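Bear in mind the structure is a predicted one, so any value in this text is a computation, not a measurement. Throughout, protein chains are lettered first and strands after them, A, B, ... in sequence-line order, and every chain is numbered starting at 1.
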2 protein chains.
Amino acid sequence: MNGPPPLTPAARRILAKDRATLARVISAVENRDPAIVPTLRALFPRAGPARIIGITGPLGVGKSSVINALLAHLRGLGRSVGIIAVDPSSPFTGGSVLGDRIRLERRPGDPGVFIRSMASRGHAGGVAAATLEVTRLLAAFGMDIVLVETVGSGQVDVAIREIASTSVVVLVPHLGDEVQTLKAGLFEIADVFCVNKADLPGADLAAKDLRELVSLAASREGWRPRIVTASAREGRGIGELWAAIEAHEGYLDAGEARALAERRRISAELLGLVTERVEREVAEALASDPAVGQLLDRIVRREIDPHTAAAELAPPARRRSRRR
Amino acid sequence: MNGPPPLTPAARRILAKDRATLARVISAVENRDPAIVPTLRALFPRAGPARIIGITGPLGVGKSSVINALLAHLRGLGRSVGIIAVDPSSPFTGGSVLGDRIRLERRPGDPGVFIRSMASRGHAGGVAAATLEVTRLLAAFGMDIVLVETVGSGQVDVAIREIASTSVVVLVPHLGDEVQTLKAGLFEIADVFCVNKADLPGADLAAKDLRELVSLAASREGWRPRIVTASAREGRGIGELWAAIEAHEGYLDAGEARALAERRRISAELLGLVTERVEREVAEALASDPAVGQLLDRIVRREIDPHTAAAELAPPARRRSRRR
């Protein structure tokens, strides 16, 4: 053992709760700037054990309201809270998410809150890895709890299980047929369901429906998703929501589940980091390596096919076992 | 030059318009089965020059109706048509897409039509590469035109530009604020806008809005997106839609645009194929290589950080230029 990696100046300032440095380092992570890696290395063994809670769900269910209400609740309990809002950069959903973003309360002047939105550019695995990295930065900064908001569309929300220890799926009483038909898919994600806008008619029925689906679904490693009804705008049900989240966190601590989840999470992170690294190298070669440009030209002329070219271009697999 | 690669039995049958073989080979591509690669290699230089038309847009705008109407129009012109419907496998959108799928007319007994839906599993680059591969299979099968339907959510629709030569974005008069705010983002995708459900009030206004946005936006390499209003269910505007698509195809043929787009497409495909290959190798190593398992354990114990581990795990970059 060589001991922990040396502290960098930026790492030292984040541990000393310097907000400007935190913001700057998060930007560097978001931009996948390799120069920030020594700081990430230094903080990795020194970050505190923050709870990472994912909040996801379709557009329009009031995720931001739920997060605002949870934030007020947690500040009332004296817990410090970091919030990461992951913007999918899709042309179709980006705008609405931006709308959500504006509705998140920034609480300037409260030292126990740090809110940051992140764009989800590029490779999904890379986005997940960057978001996980930012949760660690917020933990190193001293936050007790990190809330990660993602929009329910595509690969990013499934990736929330590779980031958060507890995942909350927010729904509303009337989801429309489109979401209803695949509600079962939400069970892959949800540790807790929050039926928001409980003041709308049909909330009890929606919760009952969910309860039936949960009772039919196989329990996942001994945990059955909890269902909470809430009205975030009126502040109702938020204590119950937090209690359900804490119940799941307690379940994780009681057995092997937290260690298993942590190993799965780090495995997914490694896969994302390695794939992202190779993708970057290959993209650079495609853009600027003359030999690779000639290979492209040969494909365009149908002299070679893409599969043969990919085999030529792919870096050889590293055989770790044999190197040892 | 070594001449074209040898024909496999499956490749020979696809060129002879054997539908069962086509279906089986598409499944193999969808499952990323490496055993099918020799057939893909054989067909690559032998596939005909099909036009690949992307049809995308948010949920609920009637993409399937537009495709059914286009299909009828094209069959009336005597053109053979392949259709690929890309299902995003997201838990939030999967259900609705499944709904769309049911509404696609299958036209059994018409030898000039082949319809296939594909699940978009795994890496976005891999999905795009698989879809592109299936367009080639349909071209090899003899289809004049291939329509590729994707749902407007996330990375898959942006990838439509890496597959189709002309991309149509379908919209409806009342999109809601969420999509409105980022409509500009659609200009990255659209060669042609189709304002569907023109029987609804506001269709003319929506088309006028779009026209203003198009006139403000910079033209992309000499092409300004065309705007067509249609009512697919009533069969109105579909001839105009096809004329707009053909105008864009004509623009591509008039200058360098088609060759440039083809090179960009193949570059993206190569990037997807190489990244997918490395991702698969690394995922296998993470799951089954004991040495990699030990590396994971060391990260969990905070003895090594993920970035250092990723650098150990990443295959070394292949330097093509130097090898030559």
Side-chain angles (χ1 to χ4, degrees), chain A residues 37 40-41 44-45 58-59 88 90-96 99 124 152-154 178-179 181-182 185-186 188-189 262-263 266-267 269-271 273-275 277-279 281-283 285-286 289-292 296 299-300 302-303 305-310 313-318 320-321 324, chain B residues 1 37 40-41 44-45 58-59 88 90-96 98-99 124 152-154 178-179 181-182 185-186 188-189 262-263 266-267 269-271 273-275 277-279 281-283 285-286 289 291-292 296 299-300 302 305-310 313-318 320-321 324:
Chain A
V37 169
L40 304 179
R41 284 188 173 136
F44 181 71
L59 287 170
S90 152
F92 291 124
T93 58
S96 36
S153 64
E178 296 191 338
V179 176
T181 47
L182 244 239
L186 300 174
E188 285 175 39
I189 297 177
E262 168 82 352
R263 205 172 189 280
I266 286 176
S267 180
E269 179 183 19
L270 269 187
L271 184 60
L273 287 174
V274 172
T275 308
R277 174 188 285 255
V278 170
E279 188 172 41
E281 282 169 1
V282 174
L286 282 164
D289 184 329
V292 175
L296 269 178
I299 303 174
V300 172
R302 301 294 189 266
E303 292 170 13
D305 71 281
H307 288 274
T308 304
L313 208 56
R318 174 167 281 191
R320 280 190 55 83
S321 306
R324 296 227 153 173
Chain B
M1 293 308 308
V37 169
L40 304 178
R41 285 189 174 134
F44 181 71
L59 287 169
S90 153
F92 292 122
T93 57
S96 37
L98 199 66
S153 62
E178 297 191 337
V179 176
T181 46
L182 244 240
L186 300 174
E188 285 175 39
I189 297 176
E262 168 81 350
R263 206 172 189 280
I266 285 176
S267 180
E269 179 184 18
L270 268 187
L271 184 60
L273 287 174
V274 173
T275 308
R277 173 188 285 255
V278 170
E279 188 172 41
E281 283 169 1
V282 174
L286 281 164
D289 184 329
V292 176
L296 268 179
I299 304 174
V300 172
R302 301 291 190 267
D305 70 282
H307 289 274
T308 304
L313 208 56
R318 173 167 283 191
R320 281 191 55 82
S321 307
R324 296 228 154 173

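Interface remark: A:Ala283 contributes backbone and side-chain atoms alike to the contact with chain B (heavy atom separation under 4.5 Å). Proximity to chain B is limited to the side chain of A:Val37, based on heavy atoms less than 4.5 angstrom apart. Looking at A:Leu40, the atoms closer than 4.5 Å to chain B (heavy atoms on both sides) all sit in the side chain, from C-beta outward.
Atoms CG and CD, on A:Asp289 and A:Glu281 in that order, are 12.0 Å from each other to the nearest 0.5 Å. Taking OG1 from B:Thr275 and CZ from A:Arg277, the interatomic distance works out to 14.0 Å, rounded to the nearest 0.5 Å.
Annotation: side chain of B:Ile266 is in contact with side chain of B:Glu269 (closest heavy-atom distance under 4.5 Å). When side chains are defined from C-beta on, B:Val282 does not count as touching A:Val278, because their heavy atoms never get closer than 4.5 Å.
Contact count versus chain A (heavy atoms, under 4.5 Å) is highest, among B:Ala285, B:Pro45, B:Ala310, for B:Ala310.
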